[in-house]
Amino acid sequence: MTEPSRYQPAQLEQRWQQAWERLNLDRTPSFTGGAHADGPPPFYALSMFPYPSGNLHMGHVRNYVITDVIARQARMRGQAVLHPMGWDAFGLPAENAAIERGVDPAAWTERNIASMREQLQRLGLSIDWSREVTTCRSEYYRWTQWLFLQFLEAGLAFQSEATVNWDPVDQTVLANEQVDADGRSWRSGALVEQRRLRQWFLRITAYADPLLDDLPGLTGWPERVRTMQANWIGRSAGAELRFAVIGPDGNDDDLGITVFTTRADTVFGATYVVLAPEHPLVQRLTAPEQALAVAAFCDLVSRQSEQERTADDRPKRGVPLGTMVRHPATGEAIPLWIADYVLAGYGTGAVMGVPAHDERDFLFARRHELPIRPVIVPAGGDEHSFDGSAWSEPGQLIHSGRFDGLNSADAREAIVAWAAEEGWGQAKVQYRLRDWLISRQRYWGCPIPVIHCPTCGVVPVPREQLPVELPSGISVEARGGSPLARLESWWQVSCPCCGQPARRETDTMDTFMCSSWYYLRYADPSNTAEAFSREAVDHWLPVDQYVGGVEHAILHLLYSRFFTKVLHDRGLVGFREPFQRLLTQGMVQGITYRNPQSGRYVAPADVADADDPRDPIDHHSLEVTYDKMSKSKHNGVDPGVVIDRYGADTARMFILFKAPPEKDLEWDDADVEGQYRFLQRLWRLVEAALERGVSLNPAAGANASDLSPEERELRRAVHLAIREVSADLEANQLNTAVAELMKLSNAMAEFLEACGPSVAREAFSTLLLLLAPFAPHLADELWHRLGADPEGNDSIHRQPWPQCDASALERDTLTVVIQVKGKVRGQLEVPATVDRDTLEQLALDSEVARRWLDGRPPSRVIVVPGKLVNLVP
RNA sequence: GGGGGCAUGGCGGAAUCGGUAGACGCAGCGGACUUAAAAUCCGCAGGUCGAAAGACUGUGGGGGUUCAAGUCCCCCUGCCCCCACCA
C-alpha cells in the first residue's frame, strides 16, 4: 500500500517553473514579417511595469496575475502572445538612497531589479523574460533621447520660463507631488517658494483636441478613466475680449487687456477688470500713487502657501492699479485691479468682473465696494435680489443695448460676432491642460540630449552620438541642484555645429518620458538600429489588454496617448491609440487595527496577544478597517510569506476570486485558507479518480454511446463550465470564472462515482484545461498525474482551450415557472421540445391555475419559451 | 461648486435582454468519523410567523412604468473617486 500523496505546492511549483523554462513555453513567437496567415490575430497582454523598489507587494501580485491569466488563455486559444515585463528604473528613490547611504544609484537599482525579478518569478507568470526592458540602461534610454529629438524637430519640445516649486533648503526644484498640503517640501520640510526658471516642456497642448476627441472611441476603457482624462484636458469654449487701457491723458492707449470668458452674454454687466498678480503688464499699468500698494500685494501673494491659496474660506483680496480701461461695449471707463483670485496660468490671466453673475466677482465687488450691475434675469421671471449671492444661471438679457431680450445662449453668439466685427473680440477655446514640464535638476534620469552653444543656440546632439551617457561613479549629495551641473568635465563640450566651446544640458528628463513609450520597445526590444521597427510595432500593437492601477489614469495614460499620436503623425507607428482595452485593478487592502484613544496602529500579531503590556487598551475597542497596505499601519502582507505557506497557485486563485478585478480587495487570511482547501480538494479528487483507474492517456480511449442520467448531468456541468468560464474571461470577470471552476469541481465530486471512464475523462480534462490559466502549476501537475502526457515532455499550457458542445447542455425536460400576475406560484416539468401553445395549455391545466385563478380564464397569458408562463387574471 | 461611480444576507460578492434575488466562497450552526482535537465528509442557513406544509416580506428611502423591476424612469439620502477661485 503506497502512502496517499499530498498536495505539496512548494516543490511542485518549482519543478514546473523549471519545466516551462526548458520547454520555452513563454517565448514570444517570432513573427516573420509579412501579413500573418488566417489564424487568430496576435495578442499583446501588458502590465504596467513596476518601479524597482526592491520589494514586491500585493498590488504587484494582483496586477501581474490578472494579466497572466489573460495571456495564458490567449495562448490556449491559439493566439501568438506577447507578454513582457520590464522596469521603470529612473527616479527619485534611487537618488535618495544614494544621498542617504552613499550607494551608487545604478548598482542599487540593478540589485533591486534582480531581487524583484526573483520574487516575481515565484508567481509562475508566463512572461517572456528575454524581452525585459530597463529604462535606466543606455541601450534603452538612447532611444528615449532619440524620441526627445523627434519632438524637438517637430517643434513639440521647447524651453520656456516657468514658475516652479523651489525648495530653498535643498536648493532644488520639486514636482507638485513632492509638496505637501501645507506647502512644505516632503524632504526638507521647508516652505516651498515659487520661482521662475528656464525649463524644458513638451507641447502636449497642441494635441489637446485629438486627445479629447478620441476618448469616446476607447470603448475598452473604464468610463471613469475616460471622464478623468476629459476633465483633466478641460476644454471650454468661450471668447477673448479686449479692453483698451486709458492713458494718463485720458485717451485710449494702444495697449489692451485681453480677458477670457465663457459668459460673453454678461459683458454689459462688467464693472471692472482684474489681472492676476503675476500678469506681465502689472508693473507697466500701475499708476505711480499705487506703486507701493501693488508691490506689497504682489509680494504677499508670491509668499502665500499652497494651503492659503486653496483654503475654503479664502477672501478675495486685491488692490486697484490706479488705471482705467474702456468697456468695449458701453464705452464706459472702468477700473483695473489685481486680485489673488485670478490665476496667471489659465486663460489670459485676466478676467472681466461681472459681480451680478459670477459668485467670485460678486464677493470681490462686495468687499471692495465695486458696482453690481444685473444684466440677466430668469426667463420671464423677476430680477434676482442681490442680497447674498450672484445669479449665475443663464437667462434673458436686460440693460444690454440691442441684445435685450435674447437668451444667454443666443446672446453669447451674437455678442461675440459683434465684437469680432468691431475688432475687440473673438471666439476662443481654452484648455485646462498645460504643457508638460519635463526637465528635472536631478541626476538619476535620462539626460536631455542637447548642447547649448553661445553662437548656434540650442543644438541637438547628433543621432550618431547618442546615447548621451549618464556619468557613473559620481557623488550624489543632498546639496541640491543638479549633480550633473557640478561635473564640468561632463558638460564642457564643443558645439557639434561650429566646434566652439559649448555647454551640455545638465537637466534630466521626467521619468514619465521613459514610461511613455516602453510598450513600443517590447515589440522590438533588442533592436540596436532603431527604437523599434515600424513592422514590429504594427504587428503587435495596439496593446490588446493593458492592466494597471487607476492611479495612472491621467498622467501615464495621457502621456502615452500623446506619444503615440505624435509618433503616428511622424509616420513612425501605424496606429493612433496605444491601448485598446484597459483594466484598472483595485487596491489590495490589509486589515488594520487602530486604537481610537491613542491613534496608534496595532499589528495583527499584537491583537492576538491581548495581554501585551505595551498597549494597555481593551482590545475589543480597537477600530477595525481595511486600508492600503503600509508599514506604518502594520497591515501589510508579504507575498513571499504567502507563497511559502500556500504556494503561488493559492495566492493567485485567492486574489482573483476574492473581488472583481476593478474593486479594492480586502486581504483575509481565512479566505486564503479556504482557497488552499479548494486546491487540496482538487488534488484529492484526482487521487480518487486515479484509484478508480481514470486516465487521460490518449491511448486509452473508449467512447460510450448511451449515457446514464448521472453521466448526462456531469457532461452538462462540464460544458456549462466551458461556456461560463470563457464568457467570464472575455468580460474580465475573473472572480466569477473561479467560482465556475468551483461549481464544476463540486459537480464532479457529486457525480463521478456514477460515471464511466469516457465521461470522467472528459470532465477531468476540461476541468484542468479551464484551471490552467488560473493555477498553472497545479493544472500541469494533475494533468500529468492523470497520464495525459506519457512521453513527459509536454505541458497542459500547449493544449487548446476547450470548446462548449451546445448539445451537451440540452435536457429532455425543462422546469418552467408558473406565475400568476408576476408572482411565482409553482413549477411545471415539461418535455424540452414542447411548443408555445402546448406549454400555455399545460399551464392553464395545471394545479396552480386551478388554485389561483378561481376557475375564471386569465385575461392574458405571457409565455417566455423555456422559462415561464405568466397568467394574468 | 462641476463631473463620474456605488448602495444586495454576519462578511466578500453573484444575478445576459426586465423573467424563481442571494451563485461561489468566508465566518456560523447541526451531524458523522475520533478517547479527544485538528483535518475530512454530510447537512442547515435573508427576515418574520409556523411543529410542518406553507404564507407573508425582502436588493439605501419614496414614487412611477410594466403581466413582471436589484435591473428602466423621476425625486431623496448616504458613501467613494476625479477636478476645482478654470472666469
Side-chain angles (χ1 to χ4, degrees), chain A residues 222-236 238-239 259-264 266 270 274 276 309-312 314-317 339-343 345-354 357-361 363-364 392 430-434 550-551 553-554 584 626 653-654 657-660 662-675 677-678 680-681 684 724 727-728 731 733 735-746 749 815-827 858-864 866-873:
Chain A
E223 183 63 42
R224 192 157 84 100
V225 174
R226 286 189 289 171
T227 44
M228 275 163 75
Q229 290 212 353
N231 245 325
W232 183 264
I233 296 167
R235 186 189 143 105
S236 73
V259 304
F260 176 73
T261 180
T262 54
R263 291 298 303 275
T266 65
V274 216
R309 270 186 288 135
T310 56
D312 278 341
R314 51 218 148 181
K316 308 262 178 288
R317 288 178 299 198
D340 56 0
Y341 79 95
V342 178
L343 306 176
Y346 186 76
T348 58
V351 301
M352 60 180 191
V354 186
H357 305 296
D358 181 279
E359 202 54 47
R360 296 152 301 181
D361 295 344
L363 293 172
F364 188 75
S392 48
Q430 199 56 243
Y431 299 92
R432 207 196 69 91
L433 182 72
R434 316 284 181 79
V550 74
E551 65 273 17
I554 295 172
T584 49
Y626 284 89
M653 294 282 282
F654 163 76
F657 177 63
K658 174 77 184 180
E662 288 88 355
K663 286 193 82 167
D664 288 346
L665 181 155
E666 298 171 356
W667 189 275
D668 179 343
D669 289 331
D671 282 327
V672 181
E673 286 281 353
Q675 206 54 237
R677 278 202 296 269
F678 170 63
Q680 286 174 312
R681 258 200 309 277
R684 284 194 299 268
E724 296 301 313
D728 285 343
Q733 287 171 4
N735 55 328
T736 51
V738 174
E740 293 298 333
L741 291 173
M742 292 172 166
K743 263 197 226 173
L744 176 55
S745 109
N746 289 345
T815 307
V816 165
V817 170
I818 309 294
Q819 297 181 343
V820 176
K821 205 169 178 290
K823 278 210 184 305
V824 177
R825 294 302 180 192
Q827 296 183 346
S859 65
R860 230 175 124 184
V861 181
I862 293 111
V863 181
V864 182
K867 282 207 166 160
L868 62 86
V869 179
N870 187 5
L871 310 169
V872 186

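Within every chain, numbering begins at 1; the chains are lettered A, B, ... in the order of the sequence lines, protein sequences first and strands thereafter.
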Centroid separation Phe654(A) to Trp667(A) less than 6.0 Å: yes
Donor-acceptor pair under 3.5 Å, Glu359(A) side chain vs G1(B) base: no
Integer angstrom distance from the C1' of G58(B) to that of G70(B): 11 Å
Comparing Leu868(A) and Trp232(A) on RNA chain B - which has the more 5′ nearest nucleotide: Leu868(A)
Watson-Crick or G-U wobble mate for A7(B), both contacts under 3.5 Å: U77(B)
Euclidean distance, atom NZ of residue Lys663(A) to atom P of A7(B) [Å, nearest integer]: 7 Å
Arg684(A) side chain, from C-beta outward: closest of C41(B), C82(B), A87(B): C41(B)
Minimum-distance nucleotide (side-chain atoms of Val342(A) versus A14(B), C67(B), A87(B)): A87(B)
Side chain proximity check, Val824(A) to Ile818(A), heavy atoms < 4.5 angstrom: no
Closest non-hydrogen atom pair, His357(A) against Thr266(A): CB-CG2, 4.0 Å
Integer angstrom distance from the C1' of A15(B) to that of U8(B): 10 Å
Whole-Å P distance, C76(B) and G4(B): 15 Å
A87(B) OP1/OP2 closer than 4.0 Å to side-chain N/O of Tyr341(A): no
Sugar-phosphate only, base, or nothing, as touched by Phe657(A) at under 4.0 Å among non-hydrogen atoms: base
Interatomic distance at C1', A68(B) relative to C17(B), whole Å: 14 Å
From C86(B), A23(B), C82(B), nucleotide with atom closest to Thr736(A) side chain: A23(B)
Sugar-phosphate only, base, or nothing, as touched by Glu724(A) at under 4.0 Å among non-hydrogen atoms: nothing
Below 4.0 Å: OP1/OP2 of G3(B) and any side-chain N or O of Gln229(A): no
Nucleotide nearest Thr262(A) when distance is taken to its side chain, options A87(B), C24(B), G3(B): A87(B)
Rounded distance in Å - CZ (Arg825(A)) to C1' (U20(B)): 12 Å
Side-chain heavy atoms of Glu223(A) within contact of Met228(A), under 4.5 Å: no
From Gln827(A) atom CD to Gln819(A) atom CD, the distance as rounded to the nearest 0.5 Å: 11.5 Å
Sugar-phosphate only, base, or nothing, as touched by Val817(A) at under 4.0 Å among non-hydrogen atoms: base
Touch class at under 4.0 angstrom, heavy-atom based, for Arg235(A) against every strand present: nothing
Touch class at under 4.0 angstrom, heavy-atom based, for Arg360(A) against every strand present: base
Audit row: Arg360(A), Asp358(A), side chain to side chain contact (heavy atoms under 4.5 Å, CB included) steps and yes/no: CA-CA 6 Å; Arg360(A) 296 152 301 181; Asp358(A) 181 279; 2.6 Å; yes
First of Asp671(A) and Gln680(A) reached from the 5' end of RNA chain B, by closest nucleotide: Asp671(A)
Candidates G4(B), C85(B), G19(B) - which lies nearest the side chain of Thr227(A): G4(B)
Distance in angstrom units between Leu665(A) CG and G12(B) P, rounded: 12 Å
Selection from C86(B), C26(B), C41(B) that lies nearest to any side-chain heavy atom of Arg681(A): C41(B)
Closest to side chain of Ala670(A), choosing from A27(B), G25(B), U20(B): A27(B)
Side-chain donor/acceptor contact of Lys316(A) with base of C85(B) under 3.5 Å: yes
Closest to side chain of Asn746(A), choosing from G4(B), C24(B), A14(B): C24(B)
Anti versus syn assignment for G9(B), with syn defined as within 90° of 0: syn
Sugar-phosphate only, base, or nothing, as touched by Gln819(A) at under 4.0 Å among non-hydrogen atoms: base
Interatomic distance at C1', A21(B) relative to U57(B), whole Å: 13 Å
Minimum-distance nucleotide to Lys867(A) side chain [options: C86(B), C67(B), G19(B)]: G19(B)
Point-to-point distance, once rounded to the nearest 0.5 Å, from CG of Asp671(A) to NZ of Lys658(A): 3.5 Å
Rounded C1' spacing from G47(B) to G22(B) in Å: 13 Å
Test item: Val550(A) and Arg224(A) side chains (from C-beta on) under 4.5 Å apart, heavy atoms: yes
P-based separation of C42(B) from G64(B) [nearest Å]: 48 Å
Presence of Asn735(A) side-chain N/O under 4.0 Å of A14(B) phosphate oxygens OP1/OP2: yes
Distance, P atom - from C73(B) to G19(B), rounded to whole angstrom: 15 Å
Rounded distance in Å - CZ (Arg432(A)) to C1' (C85(B)): 14 Å
Minimum-distance nucleotide to Val872(A) side chain [options: C67(B), G3(B), G12(B)]: C67(B)
Sugar-phosphate, base or nothing in reach of Pro660(A), heavy atoms under 4.0 Å: sugar-phosphate
Distance, rounded to the nearest Å, where Lys743(A) contributes NZ and G22(B) contributes C1': 12 Å
Between P of C86(B) and CG of Leu433(A), the distance in whole Å: 17 Å
Touch class at under 4.0 angstrom, heavy-atom based, for Gly674(A) against every strand present: sugar-phosphate
Whole-Å distance separating the CZ atom of Arg226(A) from the C1' atom of G4(B): 12 Å
G-U wobble or Watson-Crick pairing nucleotide for C24(B) (cut-off 3.5 Å, both distances): G12(B)
N/O (side chain, Arg677(A)) to phosphate O (OP1/OP2, C26(B)) under 4.0 Å: yes
Donor + acceptor pair across side chains of Asp361(A), Tyr341(A) (<3.5 Å): yes
For atom CE of Met352(A) and atom P of A87(B), their distance in whole Å: 12 Å
G54(B): pairing nucleotide in any strand, Watson-Crick or G-U under 3.5 angstrom: C49(B)
